[in-house]
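Order of the sequence lines sets the chain letters (A, B, ...), proteins ahead of strands, with each chain counted from 1. Given the structure is predicted, the values throughout are model-derived calculations rather than measurements.
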2 protein chains.
Amino acid sequence: MAAKHVKEMEALKEHLGKHQLKLTRQRELILNAFLRQEHITAEAMYHQLAKSDPHLGLATIYRTLNLFCDAGLAQARHFGSQTQYDNIAHKGHHDHLICTGCDKIVEFENCDIERLQEEVATQNGFIIKTHRLELYGLCSRCRH
Amino acid sequence: MAAKHVKEMEALKEHLGKHQLKLTRQRELILNAFLRQEHITAEAMYHQLAKSDPHLGLATIYRTLNLFCDAGLAQARHFGSQTQYDNIAHKGHHDHLICTGCDKIVEFENCDIERLQEEVATQNGFIIKTHRLELYGLCSRCRH
DNA sequence: ATCATTTTGAGACAGCTTATCAATTTCAAT
DNA sequence: ATTGAAATTGATAAGCTGTCTCAAAATGAT
């Protein structure tokens, strides 16, 4: 079992080493759970891990997910009233068309848009790690 | 004094009429203050308006800004731990490059991206009303 | 002007996240 | 392997943002 996510584990260890932080059972556990998903909230992970590890505290999960952000493995995204922690490894495929009439959501991907995003970023001296694109409007049925 | 933002005021009145809502002194006041900015938080507006109107409640500002969202004049955007209310009239200038290292925000506009967004929407039978595009990454200084 | 309806303001309340702190764990140096 | 300074954990308190409550006030159709 395990022995997956080797690359990410190395990245975490490197970050820990650089900052005089320690590798703990909880951090390993949370990393493995985190890497299995595309994105998750702290609360969701808390419930998910409670089955195998009932005494893992919610605060530890928050601390650890924020640590992953610092280490460049995760990225926090505020959505609604909660914070989603996105798995950096799964980037792309995250654009949405949202109908404000019926709340239908259509996912899409467009390479040309992504390329232009890179262009804009470069012009401004940025290196993009992730992005978020949402188009709000009316779908064919809600247009009347 | 005043007599500005006529178009938006008409739009608000139309929304109020359709939903059996009333035009109040506070709603006019908050609308005028809101339209002067590109985006603002409820808390910031609370402090801003406290000088001229010390008894305007924070709850009223939240309610009113959410009303503007319903009326299509504003758009809520969660950023950090707070909600930014964006002025729709300034759209086209609403895309952001956000540095995850220092939280610096660079605004940009790109017609080609907007055109491709329209294209994607049309392909899916949507008519876009607004959009949100945020690119997250590291600025030139935070890249080390 | 009247009056049913809506809105306001103030504070209580709720949800999500971080801070606190004693007890435990890690890990580098024996 | 043992030690001990430093970091981490878990439980809960505290903090922050935003919404709800409700009596008093304002609106606007009649």
**Q** Could one point to a donor on the side chain of K22(A) or the base of dA6(D) with an acceptor on the other under 3.5 Å away?
**A**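 Side chain to base: pair present.
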**Q** What is the nucleic acid contact for L56(A), judged by heavy atoms within less than 4.0 Å: base, sugar-phosphate only, or nothing?
**A**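 Since only primed, P, OP1 and OP2 atoms lie under 4.0 Å of L56(A), the category is sugar-phosphate.
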**Q** Quick one: is Q26(B) getting a side-chain N or O under 4.0 Å of the dA26(D) phosphate, OP1 or OP2?
**A**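 For dA26(D), OP1/OP2 do not have a side-chain N/O of Q26(B) under 4.0 Å.
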**Q** Verify the contact: side-chain N or O of T60(A) to OP1 or OP2 of dG10(D), cut-off strictly under 4.0 Å; return yes or no.
**A**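 Looking at the OP1 and OP2 atoms of dG10(D), one of them is under 4.0 Å from a side-chain N or O of T60(A).
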**Q** Between S81(B) and T24(A), which residue's closest nucleotide on DNA chain D lies nearer the 5′ terminus?
**A**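 Result: T24(A).
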**Q** Is any side-chain N or O of Q20(A) closer than 4.0 Å to OP1 or OP2 of dT26(C)?
**A**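 For dT26(C), neither OP1 nor OP2 has a side-chain N or O of Q20(A) closer than 4.0 Å.
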**Q** Would one find a side-chain N or O of H19(A) under 4.0 angstrom from OP1 or OP2 of dA7(D)?
**A**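 No, H19(A) has no side-chain N/O under 4.0 Å of OP1/OP2 on dA7(D).
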**Q** Hey, is the side chain of R27(B) poking within less than 4.0 Å of OP1 or OP2 on dT7(C), counting only N and O atoms?
**A**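 Checking dT7(C) against R27(B), a side-chain N or O does come within under 4.0 Å of OP1 or OP2.
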**Q** Checking only heavy atoms, does the side chain of R63(A) share a donor-acceptor pair with the base of dG10(D) at less than 3.5 Å?
**A**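 Yes.
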**Q** With the threshold set at 4.0 Å, does a side-chain nitrogen-carboxylate oxygen contact exist between D53(B) and R25(B)?
**A**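 R25(B) and D53(B): salt-bridged.
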**Q** Inspect the contact between K129(A) and D86(A) and indicate whether a charged nitrogen and a carboxylate oxygen are less than 4.0 angstrom apart.
**A**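 Judged by the 4.0 Å cut-off on N to carboxylate O distance, D86(A) and K129(A) do not form a salt bridge.
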**Q** Less than 4.0 angstrom between a side-chain N/O of N66(A) and OP1 or OP2 of dT17(C), yes or no?
**A**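 Looking at the OP1 and OP2 atoms of dT17(C), neither is under 4.0 Å from any side-chain N or O of N66(A).
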**Q** From the list dT27(D), dG18(D), dT6(C), which nucleotide is the closest neighbour of the side chain of L21(B)?
**A**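 My answer, after comparing the listed nucleotides, is dT6(C).
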**Q** When you measure from the side chain of H47(A) to the backbone N and O of E43(A), does any donor-acceptor pair fall under 3.5 Å?
**A**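 Here the side-chain-to-backbone pair exists.
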**Q** Heavy-atom nearest nucleotide on DNA chain D for L23(B) versus Y62(B): which residue maps closer to 5'?
**A**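 Nearest nucleotide further toward 5': that of Y62(B).
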**Q** Check whether any side-chain N or O of T122(A) sits under 3.5 Å from a backbone N or O of E118(A) as a donor-acceptor pair, and report yes or no.
**A**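 Yes.
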**Q** So, does T83(A) get its side chain near the phosphate of dT17(C), meaning an N or O under 4.0 Å from OP1 or OP2?
**A**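 For dT17(C), OP1 or OP2 has a side-chain N or O of T83(A) closer than 4.0 Å.
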